[in-house]
Amino acid sequence: MLLFLTSTLLSAVRLALGASCSCSATSIPIHVDALVPKDPTDMFAGLKSNASSLRRVDATYDIYGVFCQPEGVSSDTVQILVHGITYTSQYWSPPVEEFRNYSYAAFACTRGLPSLAIDSLGVGLSTRPANASDVQFPTASQAVSRLARHLKTTSILPGVRAFKNVVGIGHSAGSATLNFGAISEGRDSPFDALVLTGLLSVAPGALPAVNSLGVPAADVEPLRWAGLDPNYITVTDRSFFYPPNTNSFSPRMLKFDNFTKDVGMTGIFAQAPVTSLGNQFTGPVVEIVGSEDQLFCVGTRCADVPTLIASERVLWPDAKSFDVVVVDGSGHDLNLDFFALKAFDTFVGFVQQFTSGT
Ligand SMILES: *[C@@H]1O[C@H](CO)[C@@H](O)[C@H](O)[C@H]1NC(C)=O
Ligand SMILES: *[C@@H]1O[C@H](CO)[C@@H](O)[C@H](O)[C@H]1NC(C)=O
Ligand SMILES: *[C@@H]1O[C@H](CO)[C@@H](O)[C@H](O)[C@H]1NC(C)=O
Ligand SMILES: *[C@@H]1O[C@H](CO)[C@@H](O)[C@H](O)[C@H]1NC(C)=O
């Protein structure tokens, strides 16, 4: 009895401090039925293709996710967090003590915002189709959108009710996955708002070719990946995900990142230029990049923010609001360097602004 009272008191105290969060892992079966280009290197992911160059993928996949929520506080809003290529849900909460300062899931949770950080289709603990070419933007994006609809209609865990608002927060290819959904679903998108980090639109030919960045995962770490379709790739040199100035991040983070890397797919890499197509998404949108992003802020692209906003905004003509923020000092992986807390504050600020009064 005494024990019970004490723990109740303790949790009340933790709540008062706003620091108490609970997280649970879950796996949700999602049915996907989508047309993908027969050629996974089609840079527009089939959106400009005729029927004869498309094929159907019709399958049910398990999508793994870590759901975190503030204890005792209910929220109408949930954030779906979608990592980038060669990462997993762990990108949003790297589990080494020093990296406590790098957990967006914890940062948002202590500010009252629940999140579901997923492993994308084909990655981590989500289903990995035998054929990597079954994972392209049309299938990966549909899985995320159907998950968003699921969160709006169904309780995903005991005691967690369906949510009214779902905000999509992506990083890099995860942002491109959400962007693809905005293009393919437009005003029918289940997302109420999008926070796209580590991504700007990609002109055809603007990013380095797949084979200069990615190598077949089976060749890199046979112990983990022998026998995988060679279109499952990974990245061994991860330094270009960080700012060029090595004082901007912990060398231990880079090592941890290298040892916990996962796979990506040739198709997802090759289809990045699909982000140069416009869309009819109607919710509010922000793109957030690091000033030191070695993939997207090359040259002077991010130096003149008003010009950058003007050029990106034309792709989102129906968005309720549109903005681009360049976080000073951050690299491509905004969550993993010493500027992470500043980036997180920016993400949370937009989520709160986008969902206030709804
Ligand atoms: C369909 O697209 C393919 C590949 O781009 C092309 O070779 C073929 O001629 C097209 N077929 C029709 C009927 O337009
Ligand atoms: C983590 O953040 C706290 C402030 O929230 C700071 O005092 C501490 O030095 C940070 N730790 C590291 C390793 O950066
Ligand atoms: C993946 O599926 C496509 C379309 O059916 C096929 O052309 C390709 O050979 C398959 N790849 C592997 C590795 O099975
Ligand atoms: C990254 O990990 C690979 C093993 O996958 C290892 O061979 C390589 O030395 C590591 N690189 C760094 C910079 O830690």
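Count residues from 1 along the sequence. Note that the structure is a prediction, hence the values are computed from the model and not measured. Note that ligands are numbered from 1 as they come in the structure, with each ligand's atoms numbered from 1 the same way.
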Once you restrict to heavy atoms under 4.0 Å, what part of K38 touches ligand 3? Side chain, backbone, both or neither. neither
Would you call the rings of Y87 and H171 parallel, tilted or perpendicular, where under 30° means parallel and over 60° means perpendicular? perpendicular
Which ligand 3 atoms, with their elements, are less than 4.0 angstrom from a heavy-atom of N131? 1 (C), 2 (O), 3 (C), 8 (C), 10 (C), 11 (N), 12 (C), 14 (O)
Atom indices of ligand 4, in the order listed, that fall short of 4.0 Å to a heavy atom of K261: 2 (O), 5 (O)
Using a strict 4.0 Å threshold on nitrogen-to-oxygen distance, state whether R301 and E312 make a salt bridge. yes
Between K152 and D192, is the closest basic N to carboxylate O distance under 4.0 Å? yes
Looking at atom 11 (N) of ligand 3, is any protein heavy atom nearer than 4.0 Å to it? yes
What verdict does the disulfide bond (SG atoms under 2.5 Å apart) test give for C21 and C68, after you've listed the backbone C-alpha separation in whole Å, the side-chain angles of each residue and the deciding distance to 0.1 Å? CA-CA 7 Å; C21 286; C68 291; over 6 Å; no
Determine whether T355 and V167 make a side-chain contact, defined as any pair of heavy atoms from C-beta on separated by less than 4.5 Å. yes
Min heavy-atom dist R238 to ligand 4 below 4.0 Å: no
Answer yes or no for atom 2 (O) of ligand 3: protein heavy atom present at a distance under 4.0 Å? yes
Salt-bridge contact R252-D257 (side-chain N to carboxylate O under 4.0 Å): no
Any nitrogen or oxygen of T236, side chain or backbone, less than 3.5 Å from one on ligand 4? no
May I ask you to check whether N258 has an N/O atom sitting below 3.5 Å from an N/O atom of ligand 4? yes
Quick check: Y242 with H332 (ring centres under 6.0 Å apart)? no
What's the shortest distance from atom 13 (C) of ligand 3 to any protein heavy atom, and which residue and atom give it? D229 OD2, 3.4 Å
Are F347 and Y104 near enough that their ring centres are under 6.0 Å apart? yes
protein heavy-atom neighbour closest to atom 4 (C) of ligand 3 works out as R55 NE, 3.4 Å
among protein heavy atoms, the one nearest atom 5 (O) of ligand 4 is E221 OE2, 2.7 Å
